[in-house]
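This is a predicted model, so every value here is computed, not measured. The sequence lines fix the lettering, A, B, ..., with proteins before strands; numbering per chain opens at 1.
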Number of protein chains: 2
Amino acid sequence: MEQILPHLDSVFSIDCVLFGFDGKELKILLIERNEEPFKDWWALPGNIVGADESLDQSASRILYELTGLRGIYMEQYYAFGDPNRHPQGRVITLAYYALIRLGGDKELRPISNYAKRANWLPITDLPKLAFDHQKIYDKGLEKIKRRIKHQPIAFELLPEKFTLTQLQHVYELVLGKKLDKRNFRKKIVSFGVLKELDEKQKGVSYRAATLYRFDKRKYAKLFGKEISF
Amino acid sequence: MEQILPHLDSVFSIDCVLFGFDGKELKILLIERNEEPFKDWWALPGNIVGADESLDQSASRILYELTGLRGIYMEQYYAFGDPNRHPQGRVITLAYYALIRLGGDKELRPISNYAKRANWLPITDLPKLAFDHQKIYDKGLEKIKRRIKHQPIAFELLPEKFTLTQLQHVYELVLGKKLDKRNFRKKIVSFGVLKELDEKQKGVSYRAATLYRFDKRKYAKLFGKEISF
DNA sequence: TTACTTAGTGTAAAAATTACACACTATATT
DNA sequence: AATATAGTGTGTAATTTTTACACTAAGTAA
């Protein structure tokens with residue numbers, strides 16, 4: 001670390017990969033750029049870190065400005081700093097991911113002034129992305145794939161009350177493979193972090209499934225032990 | 001990402017947690033600062049990212065300048081950006097770790113101009129560190145603990161040819177617990193990434209152990225599969 | 001009442017993990 | 001030459017975990 005801090009022409013930003021789940025598909029939030037460079041391209045939402053913000057605060061603010069959401073599980077996962085990643089100068093960016101349940105209750109607040117529009121697009125059919133955002137997204141997906149095996153992040157994608165089938169569905173989408181129903185249930189229940197409710201699913205035209213809730217207290221007690229898929 | 005890049009008074013640095021192993025202990029490289037702030041304190045070696053360097057390039061350069069070493073396995077693991085972490089201004093720092101075998105063949109080149117001196121200090125008895133460097137170190141240790149369970153990074157701490165007992169020793173030091181000799185050997189050999197050599201250990205006053213080498217080719221073939229401890 | 005759709009459940013085989021102790025070999029010492 | 005010393009190297013049985021696999025139950029819609 002230097003004693004005398006040089007005045008450098010560099011910018012530090014945060015880009016966010018917001019994974020959303022609507023009950024069917026995994027999606028990410030993208031904005032359509034309205035200015036050069038990469039005018040009309042889709043890009044990850046991001047912004048510059050404020051002078052008096054910590055990184056996590058900054059990420060929360062950015063998420064809030066872009067979606068109106070607060071209290072979402074977010075984590076930094078990688079810094080991208082290729083000198084040529086931004087055509088207009090040196091921009092080092094720190095990538096965060098967040099997991100969000102879509103639809104139903106809250107609608108997302110429209111995006112501020114960044115873009116023509118913002119949209120949740122299914123990850124199975126993404127457009128070409130501006131800058132190195134494809135790389136940032138790829139690494140983010142990789143990250144949550146690994147993370148979901150060890151940490152209870154899947155619940156962030158689901159409503160507070162959910163069925164085991166929905167939970168399994170999330171795992172299958174993120175991991176990109178089918179899981180065995182009985183083995184999945186056996187294992188997930190054996191972790192002891194789910195609370196079975198007295199309630200049943202509603203509005204389905206078939207046998208209603210039991211609802212569960214993620215039990216943060218029980219999870220806190222487990223801390224240190226590794227969950228594993 | 002902004003269109004117009006503001007001119008910000010922020011500095012972006014890299015700090016390095018260099019883990020070294022001398023056959024006995026795990027150590028990290030620290031420098032003793034010669035200037036304010038934190039004059040006379042021990043600190044992690046670090047430096048500012050150059051304008052035309054990628055982050056990894058910058059980390060490699062810094063490692064080289066501080067130790068004379070090249071070709072070392074290094075990885076970024078976390079960005080620290082508390083607005084008050086540096087008393088003289090906003091400095092966001094990206095932490096890297098590296099694993100290095102100490103002693104024997106190459107001696108480390110002395111440190112450039114950063115400090116009064118540099119030293120490898122055993123992690124069991126670290127001094128108070130400048131800035132938030134204790135936090136950076138803690139997170140680094142946590143990181144390699146997790147990493148060593150899944151990736152073949154232990155070999156970086158050992159000479160090219162090593163015995164299974166030495167390898168076990170490294171695992172025990174990093175994980176901070178004793179492992180069963182027979183089970184350890186069974187498992188590590190079963191991964192199939194070790195090549196047994198025709199050579200024996202030399203210079204010991206007891207039965208000489210067989211030497212092994214890490215087989216990068218075999219490991220490359222395994223890629224995708226997760227090793228697990 | 002029947003057809004449809006998803007919920008919910010158990011077991012046996014295979015694989016992985018754990019716990020555990022002694023004989024072997026090379027050298028150093030007398 | 002005999003002995004002491006110190007670390008090497010090996011197998012098995014018990015337990016736990018993982019995997020593969022298929023049918024009945026419950027609720028809704030026609």
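- For the pair B:Ala208 and A:Gln201, nearest-nucleotide mapping onto DNA chain C gives the more 5' position to A:Gln201.
- Between B:Arg185 and the phosphate of D:dG9, there is a side-chain N or O to OP1/OP2 separation shorter than 4.0 Å.
- With C:dT9, D:dG7, C:dC20 as the candidates, the nucleotide lying closest to the side chain of B:Arg182 is C:dC20.
- No N or O donor and acceptor, one from the side chain of A:Lys186 and one from the base of C:dT9, sit under 3.5 Å apart.
- Comparing B:Ser205 and B:Ser228 against DNA chain C, the residue whose closest nucleotide sits nearer the 5' end is B:Ser228.
- Taking atom NE2 of A:His169 as the reference point, atom C1' of C:dA7 lies 16 Å away to the nearest angstrom.
- Judged by distance alone, the side chains of A:Ser228 and A:Lys149 never bring a donor and an acceptor atom under 3.5 Å apart.
- With rounding to the nearest 0.5 Å, the separation of CG in A:Leu194 from CG in A:Leu211 is 12.0 Å.
- One cannot find a donor-acceptor pair under 3.5 Å joining the base of C:dT6 and the side-chain atoms of A:Arg207.
- The nearest whole Å value for the distance from the OH atom in B:Tyr206 to the C1' atom in C:dT29 is 18 Å.
- The closest donor-acceptor contact from the side chain of B:Asp215 to the backbone of B:Lys218 lies under 3.5 Å.
- Residue-to-nucleotide proximity on DNA chain D shows that, of A:Val204 and A:Asp180, the 5′-proximal contact is made by A:Asp180.
- Stacking of B:Lys143 on the aromatic ring of B:Tyr77 is not recorded, the 6.0 Å distance cut-off and the 45° axial limit not both being met.
- Residue A:Lys181 is in base contact, counting any heavy-atom pair closer than 4.0 Å across all strands shown.
- For the OP1/OP2 pair of D:dG9 and a distance below 4.0 Å, the side-chain nitrogens and oxygens of B:Thr210 include at least one atom meeting the criterion.
- OP1 or OP2 of D:dT8 sits under 4.0 Å from a side-chain N or O of B:Thr165.
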